[in-house]
Amino acid sequence: MKDNFDHHAWKLNQLHEEIRKEIEMYIDGLIPLIKKIDFWYTDFGRLYKIKVLDENGDELTVKDKDDYRGERRFNSDDIRYVAKKLGVQVSNDFGGRTYDFNYYRDLEPVFDNIGIELDHDDSMDVS
C-alpha cells in the first residue's frame, strides 16, 4: 500500500497556522483601539476593502512581513476574528465577498453597544 502522506502540504499548513497565530496576537493588541469598522463594496456588490479606524480616524493596519509596506489592511478573516474576540457571532457574510445590506444593518446596534461604529455601503465606483 502506498503512503499518501504529503510532507510538504503538512509543513505548509503548519507554517500557515504559525503565521495566523502571530497575526491574531497582533490583532488582539489592536482590538481595544477599534472605534469604527468600514466595509467598502463596489457598486456591483463585491468587497473592495475593509477599513478599521481608531478614535482619531486613523486607519489601523496589521503587521505583515510579506507585504512590501510591512503592514496591510484588515482582511475578511481578520475582521471575523475581531468580531469573535468581541463576542459577536457573525457569519461569512461579515466581510464577505458580496454585499448584504440587511445583514450589516442588523449588526449595527450590536456593535454600537460595544462602542464600535459599523459603516457599510456599496457605492464604490471602480470604473
Quick check: does any side chain N or O of [X] sit under 3.5 Å from a backbone N or O of [Y], one acting as donor and the other as acceptor?
X      : Y     : value
Asp93  : Gly96 : no
Tyr103 : Ser91 : yes
Arg73  : Lys49 : no
Arg97  : Leu47 : no

*Look at the aromatic rings of Trp10 and His7 and report parallel, tilted or perpendicular, splitting at 30° and 60°.*
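If you compare the ring of Trp10 with that of His7, the planes turn out tilted.
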Do the side chains of [Y] and [X] get nearer than 4.5 Å, heavy atoms only?
X      : Y     : value
Thr98  : Arg46 : yes
Leu53  : Asp58 : no
Arg20  : Asp77 : yes
Phe39  : Tyr48 : no
Asp122 : Thr42 : no
Trp40  : Ile50 : no

Pairwise distance [atom1]([X]) to [atom2]([Y]) - rounded to 0.5 angstrom:
X      : Y      : atom1 : atom2 : answer
Ile116 : Lys35  : CD1   : NZ    : 7.0 Å
Arg80  : Phe94  : CZ    : CZ    : 9.0 Å
Glu59  : Phe74  : CD    : CZ    : 9.0 Å
Asn113 : Glu108 : CG    : CD    : 12.0 Å
Asp54  : Leu60  : CG    : CG    : 5.0 Å
Glu117 : Asp112 : CD    : CG    : 7.5 Å

*Among Val110, Leu107, Asp38, which one satisfies side-chain contact (heavy atoms from CB on, under 4.5 Å) with Leu118?*
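Testing each of Val110, Leu107, Asp38 against Leu118, the sole residue satisfying side-chain contact (heavy atoms from CB on, under 4.5 Å) is Leu107.
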*Quick one: closest heavy-atom pair of Pro32 and Gly29, and the distance?*
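Where Pro32 meets Gly29 most closely, the heavy atoms are CD-O, 3.6 Å.
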*So does Glu17 pair up with Lys21, basic N to acidic O under 4.0 Å?*
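Salt bridge: no.
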*Basic-acidic side-chain contact under 4.0 Å: Asp78, Arg72*: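 The answer is yes: the pair qualifies as a salt bridge.
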Hphob cluster co-occupancy, [X] + [Y], side-chain heavy atoms under 4.5 angstrom:
X     : Y      : value
Val90 : Phe101 : yes
Val82 : Leu33  : yes
Met25 : Tyr81  : no

*Taking the six-membered ring for Trp and the single ring otherwise, decide whether the centroids of Tyr104 and Phe111 are under 6.0 Å apart.*
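Centroid distance Tyr104-Phe111: not below 6.0 Å, so no.
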*Given the side-chain rings of His120 and Tyr41, with only the six-membered ring counted for Trp, is the space between their centroids under 6.0 Å?*
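Not close enough - the centres of the two rings lie 6.0 Å or further apart.
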*Count the heavy atoms of every other residue, nucleotide or ligand shown that sit under 6.0 Å from CD of Gln89, and state whether that count exceeds 12.*
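Not buried by this count: 12 neighbours or fewer within 6.0 Å.
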*Can you list the steps and then say if Lys85 with Asp28 is a side-chain contact (heavy atoms from CB on, under 4.5 Å)?*
CA-CA 8 Å; Lys85 291 298 275 189; Asp28 287 343; 3.4 Å; yes
